[in-house]
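Encoded as C-alpha cells, the structure appears first; notes follow it.
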Amino acid sequence: MKAGRIRIVADENIPAVEQYFGDLGSIQRLPGRTMTRAQLQDADVLLVRSVTQVDRALLEGTRVAFVGSCTIGTDHLDTHWLDSQAIPWSAAPGCNANSVVEYVFCALAALGRDWRGQRFGIVGCGNVGGLLQRRLHGLGNACRVYDPWQQANADLATLEEVMAQDVVCLHAPLVKGGPHPTRHMIDAAHLGAMQDGAVLISAGRGAVVDNSALLALLEGGKPLTTVLDVWENEPAINTALLAKVDIGTPHIAGYSHDGKLAGTRMVREALSRALGLPALPDSGWAEVAGAGEAATKRGPLTLSPPASGKDSTGDLAQMADLLLQMYDPRADDRRLRAAAEAQLPLAQGFDRLRREYPRRLEFSHYRAGAAGLDSESRRQLEILGLKWN
C-alpha cells in the first residue's frame, strides 16, 4: 500500500481520524454497530471501536489489510481468524486507563463515600486495574487483587477474598474460553457473599457480572451500593437493573477526550509499523495533541473554590466537591435514565449518548486553590492528578 492511496473506513465516533490518518488516503465514516461486508469491499484499512464485531462474516472477500480498534479490549475482534488470514490488527491497550480510574473516584465522590482507609478489591489487574492499584497504594489504601494471569503481584488473593472488600472494582476483560473465562465470573454466589454496605463498581465488560443475578439480589433487598458503567446486551440493557443501581452510565468510564485521542494515535502508530508506512509528521501530531480546544487554547481550567466546612469525615466534602467539578457521573446517570424513559427504544438512546458524549477532560487539565484543605487532602488529590494554583 502507498500513502495517499489507502482507503480507510472508520467508525463515525472515533475522534481525530482525519488528523491522524488523513495523510494516508481517503476516509469514510460509518456507524460502527451496523457496518456490513458490502460497505468494506473496497476498504484497505478498518478502524473500529468495541461495538463492531470484526470476524470472518464481516471481512471475508474484502481487501481489508489492517484492522485497528481504538479501544482497550479485543473481545469484539476474532483475532484467531485475523491471524489465520495474515491480517495485522491492533487495539489500544491502556489508552483510557487513567479515565477509568478517575471515573472510579468520581463515582465514590458522587456517592459520598470516603475512600480513605477503605479496603479495595480489584478484579482484573491489567492496564486499568494495575493503574488503580498503584493509585490506591499511593493513597495508603489496602488492596486485594484477583487476576489469574499474574503471579508476582504482592496483593494477589482469591476471588472470594477480593469480593469481601469494602469497595470492589471490576476491570476484567470479557473472555469466553480458555483456562480462565470471565463471562458471569461474578455470579449470584459471589455477589451474595459481598459484605453488607459494600460498593460494587463495574467498569470493564458488562457480561463479567451476571446481570440477572445482580438484579435479583438488589430486588431482594441486599444492602449493596452499585455503580454500573457496563452492561450485558449493550445497547439493549436491562431497564429493571438500571432502576435499581445507584449510578448507571452508558459505557463511558473511559470516554475522556484524552483517552480517545490516545487510542486513535496508538492505532495509527501500529498501522505505520504493520504496513511499513511513514509515521505521521510531527506537525500532524502537534495538531491533535493535548485534549482539545478547551485545554490547548485557554490553558489550564480553573476550578471554583471547594465547598467550605468540615464534618466527621474532615475534608471529604471539599475533596469530593473538587472531583465532581471535574467530572460528575451523576450527569451521565441522569441522561441514561432519561433515555430509558423516552419513547424511543433504549438501545437507540444508549448509542446516542455515547455518540454525542460531551468532551470530558482529565484531571491534569485543571488547577485549584488549596485554601482550606489540609496537607494530606492536598496530597491525595495530587496523586489523583489535580494540580494546584
Side-chain angles (χ1 to χ4, degrees), residues 6-35 39-40 43-55 58-59 64-79 82 87-100 103 126-128 171 173-174 203-205 229-230 234-235 250-275 277 279-280 284-285 287-292 351 353-362:
I6 298 174
R7 301 190 66 173
I8 299 168
V9 172
D11 184 301
E12 63 183 357
N13 293 326
I14 299 174
V17 171
E18 288 73 19
Q19 290 90 338
Y20 281 133
F21 294 87
D23 63 310
L24 300 180
S26 64
I27 296 170
Q28 180 184 12
R29 287 184 173 272
L30 296 171
R33 204 177 290 278
T34 58
M35 281 187 188
Q39 293 172 321
L40 303 178
D44 300 302
V45 171
L46 174 62
L47 306 177
V48 300
R49 294 163 54 253
S50 59
V51 299
T52 304
Q53 193 68 35
V54 181
D55 52 18
L58 182 66
L59 294 186
V64 170
F66 178 87
V67 174
S69 180
C70 301
T71 58
I72 62 174
T74 59
D75 52 279
H76 57 296
L77 305 181
D78 187 342
T79 57
L82 292 171
I87 298 175
W89 57 271
S90 175
C95 68
N96 64 359
N98 191 62
S99 176
V100 178
Y103 175 95
N127 287 297
V128 176
H171 303 294
L174 180 60
R205 287 293 185 263
D229 180 59
V230 291
E234 293 178 13
H251 200 154
I252 48 73
Y255 258 37
S256 72
H257 194 61
D258 308 62
K260 290 192 284 187
L261 285 180
T264 308
R265 175 171 181 164
M266 289 172 69
V267 169
R268 167 59 203 264
E269 291 172 336
L271 173 62
S272 295
R273 292 192 300 268
L275 302 184
L277 298 171
L280 189 70
W285 292 133
E287 184 177 355
V288 290
D351 276 346
L353 290 173
R354 303 184 79 211
R355 183 174 63 250
E356 300 174 1
Y357 194 68
R359 179 169 294 181
R360 178 173 121 216
L361 302 180
E362 294 182 0

I need the minimum non-hydrogen distance between I87 and V67, along with the two atoms involved. CG2-CG2, 4.3 Å

Are the side chains of [X] and [Y] in touch, meaning some heavy atoms are under 4.5 Å apart?
| X | Y | answer |
| --- | --- | --- |
| L353 | I252 | no |
| I72 | C95 | yes |
| V54 | V64 | no |

Please name all residues satisfying side chain to side chain donor-acceptor pair (under 3.5 Å) with [X], sequence neighbours left out, ordered by chain then number.
| X | result |
| --- | --- |
| E18 | R29 |
| D44 | R63 |
| R273 | none |
| N98 | E102, R135, E362 |

Residue list, side chain to side chain contact (heavy atoms under 4.5 Å, CB included) with [X], at least two apart or on another chain:
| X | answer |
| --- | --- |
| A253 | V100, Y103, A203, D229 |
| L24 | A3, I6, I8, F21, R268, L271, L277 |
| S90 | F66, A270 |
| T79 | L77, W89 |

Checking [X] now: which residues fulfil salt bridge (charged side-chain N to carboxylate O under 4.0 Å, His left out) with it, not counting sequence neighbours?
| X | result |
| --- | --- |
| R49 | D11 |
| R354 | none |
| R33 | D351 |

Do T52 side-chain atoms and G32 backbone N/O form a donor-acceptor pair below 3.5 Å?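 Here the side-chain-to-backbone pair exists.
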
Hey, is the main chain of D75 close enough, under 3.5 Å, to the side chain of R205 for a donor-acceptor pair? no

